[in-house]
**Student:** 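Dropping the structure in here first, questions after.
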There are 2 protein chains.
Amino acid sequence: MMDLQKQYQELLEKYLENLDEKNLYFAQQFSRKFIEQEIAPEDVVSLHKDAVMNIFPELRNEVATTHDFLIEMMIHYGLALREHQSLIKKRE
Amino acid sequence: MMDLQKQYQELLEKYLENLDEKNLYFAQQFSRKFIEQEIAPEDVVSLHKDAVMNIFPELRNEVATTHDFLIEMMIHYGLALREHQSLIKKRE
């Protein structure tokens, strides 16, 4: 997870520096890899939270907390997706 | 979508005021409703972005932009989930 955290943060930093299509394309490729590795959407939001708070250390604690709310929102999406992945596996 | 935006923001504000289990439970119930209504995870992040920027109008534009990156990350999760929903429908 440590490596993913570093990669995620680097990609987000590049995106913020240079808002071009190329970096969005990398983000999409990256998220495809995440899904293959069965990383849950709530874990992506958690990586995102840590990256944002590292990049902007001056942000108030409340901004970190907004991410916790989004993590909670994503938990059911994660469950629905895992159900999907287990259906796919049963068919294989 | 306007109503959802308002509801989402109210729920997030309550959560930030009072970080208790009850509000997390409401968030979970809310996300279940979202999935039933086939609202994509990238749309949830978009609602979240607008709510955060309304609640903290002093935040820099870069913080809004970090959400755009997360929206991009969620697009493939949304695709995987829609595939799941169409599989379920075929079985019914």
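Just so it is clear, the values below take in all heavy atoms, side chains as well, and ignore hydrogens, waters and symmetry mates. Residue numbers begin at 1 in each chain, while the letters A, B, ... track the order of the sequences.
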**Student:** If only atom types and distance count, is the side chain of B/Gln5 paired as donor or acceptor with the main-chain N or O of B/Leu47 below 3.5 Å?
**Tutor:** yes

**Student:** Using side chain to side chain contact (heavy atoms under 4.5 Å, CB included), reason through A/His48 and A/Leu12 one step at a time and then give a plain yes or no.
**Tutor:** CA-CA 9 Å; A/His48 183 82; A/Leu12 178 57; 4.3 Å; yes

**Student:** Once salt bridge (Lys or Arg N to Asp or Glu O under 4.0 Å) is applied, do any residues pair with A/Arg32, and if so which ones, sequence neighbours excluded?
**Tutor:** none

**Student:** Which one of B/Thr65, B/Val63, B/Val45 has the most heavy-atom pairs closer than 4.5 Å to chain A?
**Tutor:** B/Thr65

**Student:** Where on B/Tyr77 is there a heavy atom nearer than 4.5 Å to chain A: the side chain, the backbone, both, or neither?
**Tutor:** both

**Student:** Donor-acceptor check, side chain of A/Asp43 to backbone of A/Ser46, threshold 3.5 angstrom: yes or no?
**Tutor:** no

**Student:** Can you tell me how far apart CG (A/Asn23) and CD (B/Glu72) are? Round to the nearest 0.5 Å.
**Tutor:** 11.0 Å

**Student:** With chain A as the partner, which of B/Leu11, B/Leu16, B/Ile35 has the greatest number of non-hydrogen pairs under 4.5 Å?
**Tutor:** B/Ile35

**Student:** Checking an interface table here. Which of residues 50-59 of chain A come within a heavy-atom distance under 4.5 Å of chain B?
**Tutor:** A/Val52, A/Phe56, A/Glu58, A/Leu59

**Student:** Are the aromatic rings of A/Phe69 and B/Tyr8 close, with centres under 6.0 Å apart?
**Tutor:** yes

**Student:** With a 4.5 angstrom heavy-atom cut-off, is it the side chain or the backbone of B/Met73 that approaches chain A, or both, or neither?
**Tutor:** both

**Student:** Can you check whether A/Phe30 and A/Phe26 have ring centres sitting under 6.0 Å from each other?
**Tutor:** no

**Student:** How about A/Lys49 and A/Asp68: do any of their side-chain heavy atoms sit closer than 4.5 Å?
**Tutor:** yes

